[in-house]
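Following: one structure in structure tokens, then a few remarks.
Every heavy atom of this structure was used, including side-chain atoms; hydrogens, water molecules and symmetry mates were not. Start at 1 and go down the list; that is how both ligands and their atoms are numbered.
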Amino acid sequence: MSKVISVIGAGTMGSGITITAASAGMKVCQVDVSSEQLERARAYHAKTVKRNVEKERMTQDEADATLARISYSETHSCADESSFAIEAATENIDIKKKIFGEMVATYPADCVLATNTSSISITELGDSIPDAADRVIGMHFFNPVPVMKLVEVIKSEKTSDETLQRTISLSEEMGKTPIPANDFPGFVSNRVLMPMINEAFHAWNDGVAGPEEIDGIMKLGCAFPMGPLRLADLIGLDVCRDIMLVLHNGLGHPDKYAPCAKLVELVEAGHLGNKTGRGVYDYSQS
Ligand code: NAD
């Protein structure tokens with residue numbers, strides 16, 4: 001019997017997790033409260049498999065079978081058959097706690113309850129459903145999900161070994177490389193990446209060099225595929241600021257993790273990066 005997975009949230013990440021799991025042969029139920037988002041995800045899934053056929057990464061039969069494995073729902077309609085539920089909804093603690101409440105009430109008692117959160121404490125989410133905290137785990141995919149190999153797997157002190165092992169196995173079955181980490185603000189990825197991005201803003205603010213030069217130096221000198229300031233625009237400057245605040249509030253060190261004034265200034269001016277057409281760089285002509 002094929003594995004059934006429910007993916008809750010059909011945005012950028014949830015839709016990517018769904019197509020990755022379906023491409024790996026799993027039956028997936030894509031859930032979202034928004035019918036528009038479900039339609040957007042459906043279109044993205046169709047476009048992704050079409051491109052894979054054109055590039056001869058899969059046959060037309062495989063593409064059809066992949067799409068046939070996905071169902072779309074505004075409710076947790078596959079809860080009964082799901083062995084795994086992956087929450088990938090909006091990064092808001094109250095929304096996530098509400099979804100975890102629904103999951104514990106509707107999914108089987110042995111279903112793993114995973115979250116794709118970038119910064120919210122896995123322990124706090126687990127504590128919101130104390131009887132099932134051993135089944136709660138962070139399963140942090142990277143964007144774009146079909147391309148990026150890593151899944152950062154975050155266990156809280158209450159996450160059971162069985163939940164950890166099942167999450168590692170599922171990640172591998174999806175063609176990913178899981179790497180475990182403990183539950184600290186920003187986990188490993190954002191704990192290391194965001195202060196580096198923040199420091200690039202400090203270098204710019206202090207007049208060490210302009211954005212093109214900072215990005216050029218980091219690309220050519222440190223083998224970065226993309227400079228830190230260009231990457232910040234891609235991630236979203238508001239997201240970068242918010243993750244710095246999570247580190248700042250969660251780790252102490254009054255100065256070390258404070259978001260750079262230059263970053264905050266751009267966010268407050270509404271220049272959030274690619275998504276608004278302007279951030280560190282101007283994208284209005286592209
Ligand atoms: P998004 O805004 O693209 O999508 C969020 C989706 O959640 C929307 O479709 C929304 O309708 C849905 N949603 C909201 N409330 C819901 C509910 N109660 N039930 C079901 N669906 C609900 O967001 P995203 O970028 O896909 O991020 C999702 C999660 O992944 C967040 O926790 C984010 O931190 C994390 N994440 C994002 C990235 C990234 O690069 N965007 C990378 C890694 C992790």
Side-chain angles (χ1 to χ4, degrees), residues 6-20 28-45 71-79 82 85-107 113-122 124-125 128 136-154 171 176 178-179 181 183 185-194 197 226 230-247 272-276 279:
S6 286
V7 177
I8 300 114
T12 309
M13 297 303 290
S15 61
I17 295 167
T18 292
I19 194 65
T20 304
V28 191
C29 190
Q30 173 79 80
V31 180
D32 201 293
V33 283
S34 156
S35 56
E36 274 176 24
Q37 284 292 86
L38 288 171
E39 281 317 306
R40 218 170 272 153
R42 192 195 291 272
Y44 163 70
H45 296 153
S71 60
Y72 299 85
S73 177
E74 286 173 54
T75 62
H76 299 277
S77 58
C78 313
S82 295
I86 306 174
E87 174 277 314
T90 312
E91 185 77 343
N92 173 295
I93 183 87
D94 295 328
I95 291 177
K96 290 197 190 286
K97 281 185 179 170
K98 179 172 173 288
I99 294 172
F100 271 76
E102 291 166 13
M103 292 200 295
V104 81
T106 48
Y107 289 79
L113 308 175
T115 172
N116 185 50
T117 181
S118 323
S119 64
I120 290 170
S121 161
I122 309 305
E124 194 175 342
L125 284 175
S128 71
V136 175
I137 192 159
M139 198 176 182
H140 187 203
F141 290 85
F142 289 73
N143 187 9
V145 181
V147 176
M148 299 296 281
K149 282 283 169 205
L150 176 66
V151 177
E152 192 177 24
V153 177
I154 304 108
S171 306
K176 301 299 179 198
I179 303 187
D183 188 22
F187 316 131
V188 171
S189 50
N190 283 319
R191 170 97 176 242
V192 176
L193 174 68
M194 280 303 157
I197 286 178
M226 180 186 282
R230 180 83 58 189
L231 178 59
D233 274 353
L234 187 69
I235 294 170
L237 300 190
D238 51 340
V239 176
C240 295
R241 187 239 2 228
D242 291 347
I243 294 174
M244 284 310 296
L245 288 173
V246 168
L247 299 180
L272 307 183
N274 301 48
K275 61 188 171 188
T276 58

Checklist line | Residue pairs involving residues 232-245 (criterion salt bridge (Lys or Arg N to Asp or Glu O under 4.0 Å); sequence neighbours excluded) | finding: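 Those involving residues 232-245 are Asp238-Lys275.
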Does any N or O in the side chain of [X] come within less than 3.5 Å of the main-chain N or O of [Y], such that one atom is a donor and the other an acceptor?
X: Ser82; Y: Ala85; answer: no
X: Lys176; Y: Met148; answer: yes
X: Glu152; Y: Ser189; answer: yes

Item checked: For Tyr107, all residues meeting ring pair (Phe, Tyr, Trp, His ring centres under 6.0 Å), sequence neighbours excluded -> His76
Item checked: Pairing residues for Phe100 by the ring pair (Phe, Tyr, Trp, His ring centres under 6.0 Å) criterion, not counting sequence neighbours -> none
Check: So which protein residues pack against ligand 1 under 4.0 Å, heavy atoms counted?
Finding: Ile8, Gly9, Ala10, Gly11, Thr12, Met13, Asp32, Val33, Ser34, Gln37, Ala88, Ala89, Thr90, Glu91, Ile95, Lys96, Ile99, Asn116, Thr117, Ser118, His140, Phe141, Asn143
